Amino acid sequence: MRSVVVTGTSTGIGWGIAKILTAKGFRVFGSVRKKTDAERLSAELGSRFVPLLFDVTDEAAVHTAAAEVRAALGGETLAGLVNNAGIAMAGPLLKLPINKFRWQIDVNLVGAVIVIQAFAPLLGIDRQLKGKPGRIVNISSVGGRVATPFLAPYHASKFGVEGLSESLRRELLCYEIDVIVIAPGAVATAIWDKVDEVDVTPYINTPYAPALERLRAYMLALGKRGLPPERLGHAVMHALTTSRPKVRYAVTPQPFQDWLGRNLPKRLIDRMIGRWLGLLPARQ
């Protein structure tokens, strides 16, 4: 049975990935932070789902989980490692508490490195293991190449995931371990419910207040039109199993908008967003 480690499986994209992979015959070692989530997912997904209890920022706990997976593999390699766990911090960068920015980078970027270092030996770097080299799939975002205002911490982490993945892919050529990026657009997950909970009161007396309200309304509407999490599960399965995977897959309900964001002149996009959110000075 092919085995895959997936981080952040309690809800959303990680849940969709675990659901599809277990249904297709993979054994999924899925990380969660709460025992209640581990029990719920085990009951929901069946015996092919094996919960791992750790937070990706807890290096000791991640390495303990890697030892558990090694024992369960019985000398075989992992077929894949999917770095999905992540959070999103919002707010004007000039006003954002630095501890929130640091936590965003720790979870989305440093956490991914901790997990990669812990599980990479099981993907085939340890030559004593039997089986083909596995693959690393890093979940980035369409926001890993195009950034919007007030999500600078999130975009910084996802731009970082893109660069990390490209560098790592080239470093691992000698081990034949591929690194693939999947960049989701809007996905219908619980993360969008949290948009409505963002406290904008610290910014009421700043020029950003009206723009924040406009962006929040847009993000809530976008979430309602998002892809089902299972769509990302199918994309991950393809990345893990196809004989010639692309280095990056964008999976979005708005592919043309994503294409425009990557190909229009940056200054033009600046002004378009500025007008939309009311960020341009009155004289313009």
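Bear in mind the structure is a predicted one, so any value in this text is a computation, not a measurement.
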I need the minimum non-hydrogen distance between Leu151 and Ala90, along with the two atoms involved. CD2-CB, 3.8 Å

Linking I/L/V/M/F/W/Y whenever their side-chain heavy atoms sit closer than 4.5 Å, directly or via other members, would Ile125 and Val69 fall into one cluster? yes

So, Thr7 side chain and Asn84 main chain: donor-acceptor pair closer than 3.5 Å or not? yes

Does the side chain of Pro184 come within less than 4.5 Å of Leu227's, by heavy atoms? no

Check the pair Ile17, Ile139 against side-chain contact (heavy atoms from CB on, under 4.5 Å), reporting the backbone distance first and the verdict last. CA-CA 11 Å; Ile17 294 169; Ile139 305 299; 4.3 Å; yes

Same cluster for Val113 and Phe159 if Ile/Leu/Val/Met/Phe/Trp/Tyr side chains link at under 4.5 Å? no

Nearest-0.5 Å distance, CG of residue Asp270 to CG of residue Leu264: 11.5 Å

Answer yes if Met89 and Tyr203 sit in the same cluster of Ile, Leu, Val, Met, Phe, Trp and Tyr residues linked by side chain heavy atoms under 4.5 Å apart, and no otherwise. yes

Separation of Phe26 CZ from Ser3 OG (nearest 0.5 Å): 9.5 Å

Inter-residue atom distance Leu123.CG - Ile116.CD1, 0.5 Å rounding: 9.5 Å

Are Ile105 and Leu94 connected in a single hydrophobic cluster, I mean Ile/Leu/Val/Met/Phe/Trp/Tyr linked by side-chain heavy atoms less than 4.5 Å apart? yes

Within-4.5 Å side-chain heavy-atom neighbours: Tyr175 and Pro133: no

Nearest non-hydrogen partners of Ala18 and Leu45, listed with the distance: CB-CD1, 3.8 Å

Heavy-atom side-chain proximity of Arg40 to Asp37 below 4.5 angstrom: yes

Between Leu222 and Ala186, what is the shortest heavy-atom contact and its length? CG-CB, 3.6 Å

Nearest non-hydrogen partners of Asn138 and Ser165, listed with the distance: ND2-OG, 2.8 Å

Just verifying a value: how many Å separate Arg135 CZ and Ile177 CD1, rounded to the nearest 0.5 Å? 11.5 Å

Can you tell if the side chain of Tyr154 reaches within under 4.5 Å of the side chain of Ser141, non-hydrogen atoms only? yes

How about Arg33: does its CZ atom have over 12 heavy atoms from other parts shown lying under 6.0 Å from it? no

Check the surroundings of atom NZ in Lys266: do more than 12 heavy atoms from other residues, nucleotides or ligands lie under 6.0 Å from it? yes

For atom CD of Glu44, is the number of surrounding heavy atoms from other residues, nucleotides or ligands below 6.0 Å larger than 12? yes

Any side-chain heavy atom of Arg271 within less than 4.5 Å of one from Arg275? yes

Looking only at non-hydrogen atoms, find the nearest pair between Arg27 and Leu73 and report the distance. NH2-CD2, 3.9 Å

Please list, one pair per line, the donor and acceptor atoms closer than 3.5 Å that link side chains of residues 231-246 to other protein atoms, with sequence neighbours excluded.
from, atom 1, to, atom 2, distance (Å)
His238, NE2, Tyr249, OH, 3.3
Thr241, OG1, Met237, O, 2.7

Heavy atoms of other groups near Asn205 CG, more than 12 under 6.0 Å: no

Working for side-chain contact (heavy atoms from CB on, under 4.5 Å), residues His63 and Glu59: CA-CA 6 Å; His63 280 273; Glu59 190 171 355; 3.7 Å; yes

side-chain contact (heavy atoms from CB on, under 4.5 Å) between Leu172 and Asp178, worked out: CA-CA 7 Å; Leu172 295 181; Asp178 203 357; over 6 Å; no

Please check if the number of heavy atoms outside Arg102 that lie under 6.0 Å from its CZ is greater than 12. no

Candidates Val82, Val115, Val5, Val179 - the one meeting side-chain contact (heavy atoms from CB on, under 4.5 Å) with Ile136: Val179

Minimal heavy-atom distance between Ala183 and Glu162, with the atoms involved, is CB-OE2, 4.4 Å

Using side-chain heavy atoms (C-beta onward) and a distance below 4.5 Å, is Arg216 in contact with Leu212? no

Return yes when atom CZ of Arg127 has more than 12 non-hydrogen atoms of other residues, nucleotides or ligands closer than 6.0 Å, and no otherwise. yes

Please answer whether the main-chain N or O of Leu164 pairs with a side-chain N or O of Ser167 as donor and acceptor at a distance below 3.5 Å. no

Can you get from Met1 to Val50 by hopping between Ile, Leu, Val, Met, Phe, Trp and Tyr side chains that sit under 4.5 Å apart? no

Between the side chains of Arg170 and Glu166, is the shortest nitrogen-to-carboxylate-oxygen separation below 4.0 Å, so that they form an ion pair? yes

Would you find more than 12 non-hydrogen atoms of other residues, nucleotides or ligands less than 6.0 Å from Phe49 atom CZ? yes

Non-hydrogen side-chain atoms of Arg145 and Ser140 separated by less than 4.5 Å: no

Looking at Arg214 and Leu277, would you say the former's side chain and the latter's main chain have a donor-acceptor pair under 3.5 Å? yes

Roughly how far, to the nearest 0.5 Å, is CG of Asp126 from OG1 of Thr77? 10.0 Å

With a 4.5 Å limit on heavy-atom distance, are the side chains of Thr57 and Val107 in contact? yes

Separation between NE2 (His155) and CG (Leu93), nearest 0.5 Å, reads 11.5 Å

Quick one: list whatever passes side-chain contact (heavy atoms from CB on, under 4.5 Å) with Asp58, sequence neighbours left out. Asp55, Ala60, Ala61

